[in-house]
Amino acid sequence: MTAEALNPDYESDARRTALDMPIIRFLGIQIQDIAAGAATVVLPARPELCYRDDLFQAGPVRTLGDYAGGLACLTCLPKGWFVSTVDFTLKMLAPARGQKLVARGRVLQSGKTLSVGAADIYSVQQSRETLCATLLVSMRNIAPDLSRDASRPTNP
């Protein structure tokens with residue numbers, strides 16, 4: 001799919017929206033690159049995320065892939081919109097062992113209410129990348145007017 005950015009400020013808006021997520025800051029995920037329909041993100045190894053020093057647990061691998069795929073989907077939406085994960089499938093292909101993980105997300109389809117993205121996650125050990133997982137994610141596209149707290153009752 002050729003991605004189309006409907007928001008001329010997609011890169012700066014996507015960075016700001018993504019970095020507002022507390023879990024992303026907590027894990028230390030870094031945005032390496034954003035393009036229309038694509039995103040590359042990095043997660044450095046830390047003892048809290050790894051087993052036996054350099055083997056990432058599946059949870060951080062999944063979160064990184066979800067983030068990369070979702071961020072890629074976000075770049076194709078109009079200004080002010082955001083995405084929320086509907087579901088995902090993670091396939092671990094090799095041990096996620098190394099100094100960091102790199103996830104390369106891409107949009108597979110950008111629709112009116114749902115977008116579908118994918119991410120390939122690589123473990124990096126001594127500058128050598130190994131494909132360790134792949135993730136398919138469905139994202140709910142949320143318009144700015146729907147982002148308000150609709151669950152709050154309003155006074156008549």
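- The only member of Thr85, Val86, Val83 that meets side-chain contact (heavy atoms from CB on, under 4.5 Å) when paired with Val137 is Thr85.
- Distance check, rounded to the nearest 0.5 Å: NZ of Lys100 to OG of Ser123 gives 11.5 Å.
- For the atom pair CZ of Arg97 and CG of Leu55, the computed distance is 4.5 Å after rounding to the nearest 0.5 Å.
- Separating the CD1 atom in Ile121 from the CG atom in Leu101 is a distance of 8.0 Å, to the nearest 0.5 Å.
- Side-chain atoms of Thr75 come within 3.5 Å of backbone atoms of Ala72 as a donor-acceptor pair (strictly under, hydrogens ignored).
- In terms of heavy atoms, Pro60 sits closest to Leu43 at CB-CD2, 3.9 Å.
- Cys132 and Tyr122 make their closest contact through SG-C, 4.1 Å (heavy atoms, listed as atom of the first residue, atom of the second, distance).
- Looking only at distances, a side-chain donor or acceptor of Arg46 sits under 3.5 Å from a matching main-chain atom of Leu27.
- The local environment of CZ in Arg128 is sparse, with at most 12 non-hydrogen atoms from other residues, nucleotides or ligands closer than 6.0 Å.
- Between atom CD of residue Gln57 and atom CD of residue Glu48 there is a gap of 10.5 Å, rounded to the nearest 0.5 Å.
- The minimum heavy-atom distance linking Tyr10 with Ala35 is given by the pair CE1-C, 3.5 Å.
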Q: Walk me through it: do Ile31 and Tyr67 pass the test side chain to side chain contact (heavy atoms under 4.5 Å, CB included)?
A: CA-CA 10 Å; Ile31 298 171; Tyr67 183 59; 3.6 Å; yes
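- For Lys79, the NZ atom counts as densely surrounded, since its 6.0 Å shell holds more than 12 non-hydrogen atoms of other residues, nucleotides or ligands.
- Residue Asp66 holds its CG atom at 6.5 Å from CZ of Phe88, rounded to the nearest 0.5 Å.
- Minimum interatomic distance between Ala68 and Ala39 (heavy atoms only, all atoms of both residues): O-CB, 3.9 Å.
- Under a hydrophobic clustering in which Ile, Leu, Val, Met, Phe, Trp and Tyr are joined whenever their side-chain heavy atoms come within less than 4.5 Å, directly or via other members, Leu71 and Ile142 fall into the same cluster.
- Heavy atoms only, all atoms of each residue included: Ser138 and Val116 are closest at OG-CG2, 4.4 Å.
- Val102 is not connected to Phe56 by any chain of hydrophobic side-chain contacts under 4.5 Å among Ile, Leu, Val, Met, Phe, Trp and Tyr, and they are in different clusters.
- Under the side-chain contact (heavy atoms from CB on, under 4.5 Å) rule, Asn141 has a single partner from Thr113, Leu77, Leu74, which is Leu77.
- Checked by atom type and distance alone, the side chain of Glu4 never pairs as donor or acceptor with a backbone atom of Cys76 at under 3.5 Å.
- Scanning all heavy atoms of the two residues, the minimum distance from Asn7 to Pro78 falls at CB-C, 4.1 Å.
- Between the OG1 atom of Thr130 and the CG atom of Leu93 there is a distance of 11.0 Å, given to the nearest 0.5 Å.
- A continuous path of Ile, Leu, Val, Met, Phe, Trp and Tyr side chains, each step under 4.5 Å between heavy atoms, connects Leu49 with Met92, placing both in one hydrophobic cluster.
- Linking Ile, Leu, Val, Met, Phe, Trp and Tyr whenever their side-chain heavy atoms come within less than 4.5 Å puts Ile34 and Met21 in one cluster.
- Leu131 and Val41 sit in two unconnected hydrophobic clusters of ILVMFWY residues. Membership requires side-chain heavy atoms under 4.5 Å apart, directly or through other members.
- A salt bridge links Asp120 and Arg106; the closest N-O separation between the charged side-chain nitrogens and carboxylate oxygens is under 4.0 Å.
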